[in-house]
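The structure displayed is predicted, hence computed values, not measured ones. Sequential numbering from 1 along the given sequence is applied to the chain's residues.
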Amino acid sequence: MAPKFGTSGLRGLVTELTPALVADHVRAFIAACDIGNGLCLGRDLRPSSPRIAADIAAAARAEGIRVIDCGALPTPALALAAQEVGAAAIMVTGSHIPADRNGLKFYSRTGEITKTDEAAINAALGRPAGTAESDLAQDEDAAARFVERYVEACGARALKGRRIGLYAHSAVGRDDLAAILQGLGAEVVEYGRSETFIPVDTEAVDPETRAQIAAWVTADGLDALVSTDGDSDRPLLADETGTIVPGDVMGQITAEMLGAETVVTPISSNSGVQKKGFGAVRLTRIGSPFVIAGMEEAGGKVVGYEANGGFLLGFEAQGPAGPLAPLATRDCMLPLILTLIAAGDGTVSARVAQEPPVVTMADRLQEVPQERSQPFVARLADSTEARAAFLAQLGGTEAGTDLTDGVRMTLTDGRIVHVRPSGNAPELRLYVEAADKTGAEALIAAGLAALREAVSG
């Protein structure tokens, strides 16, 4: 599948992200979007990311654009650095997908690009290369300023006495997350650091990783364990029993901690948010561009989050010890920190248990080309009979269907099954919702089996 825009930027196989293709998209981005005071550049820890970053820098400099190289750092840290200087940004990352793929995430001067911007970039492809040679600057402190943001807002004793595990793997923000936790007074115990890239999907943690996390937590008596995906914009949190806390539940807790009045979140998120008493809850299609558009429309004390837990702050908020400037891009640090702080002197599991009793789970079938997944999902969308046959395999019947993004089916017993092809990877996503963990686990297992049968071959 040739590189193309999806829900998280331009993605494709590394072999297809050639210098010429990368340069073409950089020139189109510069022509179509507000670059402001230059271009901040960052990257994750994939083997291909330094080469792609160099291609971006060369193309931008040839267009006369000043490039500020921020090095390897979390995507939200790059967004913050660009925001501080009124510049655009490009992050080289494939997020959670395997290392044979990579991507570019674009930010204009005003923030993460919109779907309208994507269309404008695609329309501007094919421009001739420039012949200028602008400055190349270094910003070696961007990640440190990102760390300071949270320590100053939450206070040096916010997590005093807590023993927190850190699954470091190959996440670009592993050291920054450790620095934040230590800056808040926690003792940090690191596990699983890898110099080989490991694709960790925090929204669909595989059984082996879940078991390993639970073993680390129980063996060492941890209060919690944290981690992130490859570019450190999606959080992973396990409680004191080693149980993974869903990202959207962290979003609900974080929104409450910040005193948000309006919450914007995709249709796939835990519906318990609608029972928490926020002034308004707006549901969108899946992807941060849609969440950002909803936040801009709402205005005021608005926040957004995705089902994977990436949190977007849309107003000047007050942390436990100081202010937090807006950062309307997906961030993993804020929900991790504030969920831990929200537990107070109790346990993380006890705080999570205070949320409305709705359990969501997500998983996916990998290596499912879109030419197989999209026709199947289209049949579900178009045919009552196709939905009935699919749901019969799950022991349910349809009460209603929402086609906002993919096919989200509500069953007569209140359970929810949501099927959606990934926008930028050969994956077929499944989201389920039930009244308890046992029911959700059974539903997602049955759903994956039915999907596997439907798209096999």
Do the non-hydrogen side-chain atoms of [X] and [Y] ever get within less than 4.5 Å of each other?
| X | Y | answer |
| --- | --- | --- |
| Arg101 | Pro426 | yes |
| Met333 | Phe311 | no |
| Arg162 | Leu340 | no |
| Ile244 | Leu237 | no |
| Leu166 | Leu225 | no |
| Glu433 | Val359 | no |
| Thr228 | Leu236 | no |
| Val291 | Pro266 | yes |

Going from [atom1] on [X] to [atom2] on [Y], what distance comes out if it is rounded to the nearest 0.5 angstrom?
| X | Y | atom1 | atom2 | result |
| --- | --- | --- | --- | --- |
| Phe197 | Asp100 | CZ | CG | 10.5 Å |
| Cys332 | Asp229 | SG | CG | 7.0 Å |
| Ile164 | Leu181 | CD1 | CG | 6.5 Å |
| Leu428 | Arg372 | CG | CZ | 10.0 Å |
| Thr329 | Leu327 | OG1 | CG | 6.5 Å |
| Asn308 | Ile286 | CG | CD1 | 9.5 Å |

Problem - Sequence neighbours excluded - ring-ring contact (aromatic ring centres under 6.0 Å, His included) pairs with any residue from residues 231-270 - result: none
Problem - Where at least one partner belongs to residues 158-178, residue pairs that pass ring-ring contact (aromatic ring centres under 6.0 Å, His included), sequence neighbours excluded - result: Tyr167-His169, Tyr167-Trp216
Could [X] and [Y] be called an ion pair, given the rule that one side-chain N must be under 4.0 Å from one carboxylate O?
| X | Y | result |
| --- | --- | --- |
| Asp206 | Arg210 | no |
| Arg234 | Glu306 | no |
| Asp223 | Arg163 | no |
| Arg109 | Asp34 | yes |
| Glu195 | Arg174 | yes |

Problem - His418: ring-ring contact (aromatic ring centres under 6.0 Å, His included) partners, not counting sequence neighbours - result: Tyr431
Exercise for the section: May I have all residue pairs that pass salt bridge (charged side-chain N to carboxylate O under 4.0 Å, His left out) and include part of residues 253-262, sequence neighbours excluded? Expected result: Glu256-Lys276, Glu256-Arg351
Handout entry: Pairs touching residues 288-304 that satisfy salt bridge (charged side-chain N to carboxylate O under 4.0 Å, His left out), sequence neighbours left out
Key = Arg282-Glu297
Heavy-atom pair of closest approach, residues [X] and [Y]:
| X | Y | value |
| --- | --- | --- |
| Ala204 | Asp363 | CB-CA, 3.6 Å |
| Leu448 | Leu430 | N-CD2, 3.6 Å |
| His96 | Asp201 | CD2-OD2, 3.4 Å |
| Ser227 | Leu336 | O-CD1, 3.8 Å |
| Leu17 | Gly103 | CD1-N, 4.0 Å |
| Ala440 | Val432 | O-CG2, 3.7 Å |

Going by salt bridge (Lys or Arg N to Asp or Glu O under 4.0 Å), name the residues that satisfy it together with [X], two or more places apart in sequence or in a different chain.
| X | answer |
| --- | --- |
| Glu427 | Arg364, Arg429 |
| Asp413 | Arg415 |
| Glu190 | Arg193 |
| Asp331 | none |

Exercise for the section: Apply side chain to side chain donor-acceptor pair (under 3.5 Å) to the pair Thr241 and Asp239, showing each step before the final yes or no. Expected result: CA-CA 5 Å; Thr241 72; Asp239 67 18; 2.6 Å; yes
For the pair [X] (side chain) and [Y] (backbone), establish whether a donor and an acceptor sit closer than 3.5 Å, ignoring hydrogens and angles.
| X | Y | value |
| --- | --- | --- |
| Gln252 | Val273 | yes |
| Thr339 | Pro335 | yes |
| Thr218 | Ala214 | yes |
| Thr254 | Met250 | yes |

Problem - Trace of the side chain to side chain contact (heavy atoms under 4.5 Å, CB included) decision for Tyr191 with Ile213 - result: CA-CA 9 Å; Tyr191 305 91; Ile213 287 172; over 6 Å; no
Exercise for the section: Go through the steps to decide whether Phe29 and Leu104 satisfy the test side chain to side chain contact (heavy atoms under 4.5 Å, CB included), and finish with yes or no. Expected result: CA-CA 11 Å; Phe29 171 57; Leu104 283 69; over 6 Å; no
Practice task
Decide whether Thr93 and Asp44 meet the rule of one side-chain donor and one side-chain acceptor closer than 3.5 Å.
Solution key: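 Distance-only check passes for Thr93 and Asp44.
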Handout entry: Ser108 vs Thr110, side chain to side chain donor-acceptor pair (under 3.5 Å): CA-CA, chis, key distance, verdict
Key = CA-CA 5 Å; Ser108 72; Thr110 57; 3.0 Å; yes
Report, one line per pair, each donor and acceptor closer than 3.5 Å where one atom sits in a side chain of residues 66-87; sequence neighbours left out.
{"unit_1": "Asp69", "atom_1": "OD1", "unit_2": "Gly71", "atom_2": "N", "d": "2.9"}
{"unit_1": "Thr75", "atom_1": "OG1", "unit_2": "Asp231", "atom_2": "OD2", "d": "2.6"}
{"unit_1": "Gln83", "atom_1": "NE2", "unit_2": "Pro326", "atom_2": "O", "d": "3.1"}
{"unit_1": "Glu84", "atom_1": "OE1", "unit_2": "Arg145", "atom_2": "NE", "d": "2.9"}
{"unit_1": "Glu84", "atom_1": "OE1", "unit_2": "Arg145", "atom_2": "NH2", "d": "3.0"}

Exercise for the section: Decide yes or no on side chain to side chain contact (heavy atoms under 4.5 Å, CB included) for Tyr305 and Val263, but give the supporting numbers first. Expected result: CA-CA 8 Å; Tyr305 62 83; Val263 173; 3.5 Å; yes
Problem - Verdict with supporting geometry, Cys40 and Asp139, side chain to side chain contact (heavy atoms under 4.5 Å, CB included) - result: CA-CA 9 Å; Cys40 291; Asp139 182 353; 6.0 Å; no
Handout entry: Residues that Ser48 engages under side chain to side chain contact (heavy atoms under 4.5 Å, CB included), provided they are two or more places apart
Key =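 Ser48 satisfies side chain to side chain contact (heavy atoms under 4.5 Å, CB included) with Val14, Arg46, Ile52, Asn102 only.
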Going by atom type alone, with no hydrogens or angles, which donor-acceptor pairs under 3.5 Å involve a side-chain atom of residues 315-322 and a protein atom two or more places apart or on another chain?
{"unit_1": "Gln318", "atom_1": "NE2", "unit_2": "Gly322", "atom_2": "O", "d": "3.4"}

